[in-house]
Amino acid sequence: MQYWLMKSEPDDVSIDDLAAEPQRAFPWTGVRNYQARNFMRDAMQVGDLAFFYHAGCAEPGIAGICEICSESYPDPTQFVAVDPYFDPKSTRENPRWWLRDVRFAGRGRYLSLGALRACPELANMRLLARGNRLSITPVTIGEWVFITRLLALNS
DNA sequence: GCCAACGTTGGC
DNA sequence: GCCAACGTTGGC
């Protein structure tokens, strides 16, 4: 069991979208970074939990929790010529980009980036590291427990 | 919209 | 394998 943090732009997919259809598996499309891809393709396991982070919005922060609910498979958007995530160098025989499905797993208080930065317990969190842009990052068990308490969730 | 930081590309 | 140029991320 491992823990993760996954960034999404809420204008694209938000925690509200997941919560509205809690049984639905949402494919995590659009990751075009090799490190993040490797986390999804190789490191994640079905049943892992992730903080669902809202990025690129007025108040970025942790909005809830989702569960990894599929094995990895090729991101279909890489093959679609009109898709913004189209990758002409990828082929169906040898896909570059892999993803997993996630589904809603809970939510609590909204924890803004500022609130997270204010916690000395999270000083070493990957999300908060200077210059971090990675859209998927591992979360330590200590960080997970601390933050879920802040969310006022049991998980 | 700005810009710092980072990742990728491609010439050499 | 180096590195300059370029593109992207994402907070502000």
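Computed from a predicted model, the values in this text were never measured in an experiment. Chain A is the first sequence line, chain B the second, and so forth, proteins listed ahead of strands; every chain is numbered from 1.
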**Student:** Which donor-acceptor pairs under 3.5 Å do side chains of residues 34-44 of chain A form with protein atoms, sequence neighbours excluded?
**Tutor:**
unit_1	atom_1	unit_2	atom_2	d
Y34(A)	OH	R96(A)	NH1	3.3
R37(A)	NH1	R96(A)	O	3.0
N38(A)	ND2	Y34(A)	O	3.4

**Student:** Would you kindly give the NE2-to-P distance between H54(A) and dG10(C), to the nearest whole Å?
**Tutor:** 14 Å
**Student:** Quick one: CD1 on I62(A) to CG on L127(A), what's the gap to the nearest 0.5 Å?
**Tutor:** 6.5 Å
**Student:** For nucleotides 2-9 of chain B, give me one character per nucleotide, 5' to 3': B if any protein heavy atom sits under 4.0 Å from the base, S if the only such contacts are to the sugar-phosphate, - if neither.
**Tutor:** ---BBSSS
**Student:** Checking R117(A) now: which residues fulfil side-chain contact (heavy atoms from CB on, under 4.5 Å) with it, not counting sequence neighbours?
**Tutor:** L113(A), L128(A)
**Student:** Rounded to the nearest 0.5 Å, what's the gap from CD1 on I68(A) to CE on M6(A)? Could you check?
**Tutor:** 4.5 Å
**Student:** Identify whether I15(A) and W28(A) are in the same connected component of the hydrophobic contact network (ILVMFWY, side-chain heavy atoms under 4.5 Å).
**Tutor:** yes
